[in-house]
Amino acid sequence: MSTKASGDIKLRLDYWNCRGRAQSVRYMLEDIAYTHKNVDYKEDLELLENAAELWPKRKSDESISGPFHNLPVFHWNETDTFGQTLTIGQLLARKFDLYGKVTSSITDEDLLHGYIDGVVSCAYTDVISSVLMCIWTCTQFGDNNNPSNRFAAKILNDLKALNDLLKKSSTSFYYDQPEPTIADYFVLEAFTITRDYHQELIPNEEDVQALMKLERIMKERPALANYFNKGSLFKRFTGSPKEIEYMATLAATKK
């Protein structure tokens, strides 16, 4: 993992104390900080427990809520501030060479970036965001009258498509890359957040073998292994006030 940035670099992520929309970026930042000793990375947490009381005022402060008055917000060297998950991830990928290298089958760098971004978009927009929507809307599986239930079938099909695409790679990572790209970090979260939310959204075992291998290899990376061993992954998925009760109801239906 090389970098286009030189000198000492300070990176700061502001987000809620849940997995939410920023978990893929957290994985990227953990790996970047471990690999690049000139990078000082920290995360400032906004506490969901205080959101109702404090966030309305803090939201109006762009140094906290960024240009879009929402989280996540990312600070580069305390001089530049960015919002939106995909923007943050893609900025990190460009700065720290996480778009991969051209190969014998993809010889154009711009085309490679397009392929990689396609995987990222599917993982984030079609899977991760859909899982979060299911939780916010308290989707009841099998209830065909619930409009949000359509997300369930789509999530399953998208994960199968991500698995089938990964199977075509000659390496463990997308598009024949020897090291993970931004795509692999986002797919790691797409697969694991879905499984941790509800096993029924995971395709049959034969249709997730490549994703299972990716998860294993990614979690063996020193920075991520340390992250998981410390228990840094939040159990809470969203800021929904109904999440705890909803997840308990789901767990009861599985018994």
Side-chain angles (χ1 to χ4, degrees), residues 1-6 9 11 13 21-36 39 68 72 74 76 80 82-131 154-194 203 207-221 223-224:
M1 186 190 296
S2 60
T3 178
K4 296 179 181 178
S6 58
I9 305 168
L11 306 179
L13 179 70
R21 295 180 291 118
Q23 192 59 44
S24 306
V25 171
R26 285 179 172 131
Y27 294 148
M28 294 175 70
L29 285 164
E30 291 291 334
D31 241 356
I32 287 168
Y34 179 88
T35 305
H36 301 280
V39 170
F68 307 109
F74 177 69
W76 179 278
D80 296 277
F82 302 89
Q84 302 296 322
T85 302
L86 288 180
T87 296
I88 297 167
Q90 289 162 345
L91 172 65
L92 291 171
R94 288 192 296 271
K95 285 290 191 181
F96 294 97
D97 199 22
L98 291 172
Y99 269 112
K101 305 292 186 184
V102 295
T103 64
S104 58
S105 58
I106 306 176
T107 59
D108 184 300
E109 188 175 78
D110 291 332
L111 295 181
L112 174 61
H113 290 189
Y115 283 122
I116 295 295
D117 278 339
V119 175
V120 172
S121 180
C122 180
Y124 178 73
T125 306
D126 297 335
V127 179
I128 296 171
S129 296
S130 294
V131 168
K154 188 174 189 323
I155 291 168
L156 189 149
N157 289 333
D158 287 331
L159 285 175
K160 185 177 184 303
L162 288 169
N163 182 82
D164 291 346
L165 181 60
L166 184 54
K167 282 198 307 183
K168 296 177 182 179
S169 177
S170 62
T171 69
S172 299
F173 308 112
Y174 282 94
Y175 294 107
D176 306 312
Q177 296 299 312
E179 294 291 329
T181 67
I182 178 177
D184 301 288
Y185 293 97
F186 272 78
V187 172
L188 169 65
E189 176 60 5
F191 177 53
T192 57
I193 195 175
T194 303
D207 292 325
V208 291
Q209 290 298 309
L211 296 181
M212 292 171 63
K213 181 180 179 182
L214 175 68
E215 178 190 8
R216 184 178 70 253
I217 291 173
M218 292 294 284
K219 287 184 174 180
E220 289 173 352
R221 296 177 66 80
L224 297 188

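Only heavy atoms go into these numbers, but all of them, side chains included; no hydrogens, no water, no symmetry mates.
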Any Ser129 side-chain heavy atom under 4.5 Å of Tyr124 side chain: yes
Short N-O contact, Arg21 and Glu189, less than 4.0 angstrom: no
Rounded distance (nearest 0.5 Å) linking atom NE2 of His113 with atom CD of Glu109: 4.0 Å
Any donor-acceptor N/O pair, Glu30 side chain to Met28 backbone, under 3.5 Å: no
Gap separating the CG atom of Leu211 from the CZ atom of Arg216, nearest 0.5 angstrom: 12.0 Å
Leu162 backbone acceptor or donor facing Tyr174 side chain under 3.5 Å: yes
Residues forming a side chain to side chain donor-acceptor pair (under 3.5 Å) with Asp207, sequence neighbours excluded: none
Straight-line distance of Tyr185 OH to Asp31 CG, nearest 0.5 Å: 3.5 Å
Side chain to side chain donor-acceptor pair (under 3.5 Å) involving Glu215 - partner list, sequence neighbours excluded: Arg195, Lys219
Residues that Gln84 engages under side-chain contact (heavy atoms from CB on, under 4.5 Å), provided they are two or more places apart: Phe68, Thr87
Any residue meeting side chain to side chain donor-acceptor pair (under 3.5 Å) with Thr181, in chain and number order, not counting sequence neighbours: Asp184
Nearest heavy atoms of Asp126 and Ile155, plus distance in Å: O-CG1, 4.2 Å
Partner set under side-chain contact (heavy atoms from CB on, under 4.5 Å) for Asp80, not counting sequence neighbours: Trp76, Phe82
Residue pairs involving residues 168-177 (criterion salt bridge (Lys or Arg N to Asp or Glu O under 4.0 Å); sequence neighbours excluded): none
Check: Ile106 main-chain N/O paired with Thr103 side-chain donor or acceptor under 3.5 Å: yes
Approximate separation, where rounding is to 0.5 Å, of Leu156 CG and Ser130 OG: 12.0 Å
Test item: Val127 and Phe186 side chains (from C-beta on) under 4.5 Å apart, heavy atoms: no
Residues in side chain to side chain donor-acceptor pair (under 3.5 Å) contact with Asp158, at least two apart in sequence or another chain: Lys154
Rounded distance (nearest 0.5 Å) linking atom OG of Ser24 with atom CG of Leu92: 11.5 Å
List, one per line, each side-chain donor-acceptor pair under 3.5 Å for residues 114-123, sequence neighbours excluded.
unit_1 : atom_1 : unit_2 : atom_2 : d
Asp117 : OD1    : Tyr99  : OH     : 2.8
Asp117 : OD2    : Tyr99  : OH     : 3.4

Nearest non-hydrogen partners of Pro72 and Thr85, listed with the distance: CG-OG1, 3.5 Å
Separation between CG of Asp97 and CD of Glu179, rounded to the nearest 0.5 Å: 10.5 Å
Shortest non-hydrogen separation from Leu188 to Met218 and the atoms involved: CD2-CB, 4.0 Å
Closest non-hydrogen atom pair, Leu13 against Arg26: CD2-CG, 3.9 Å
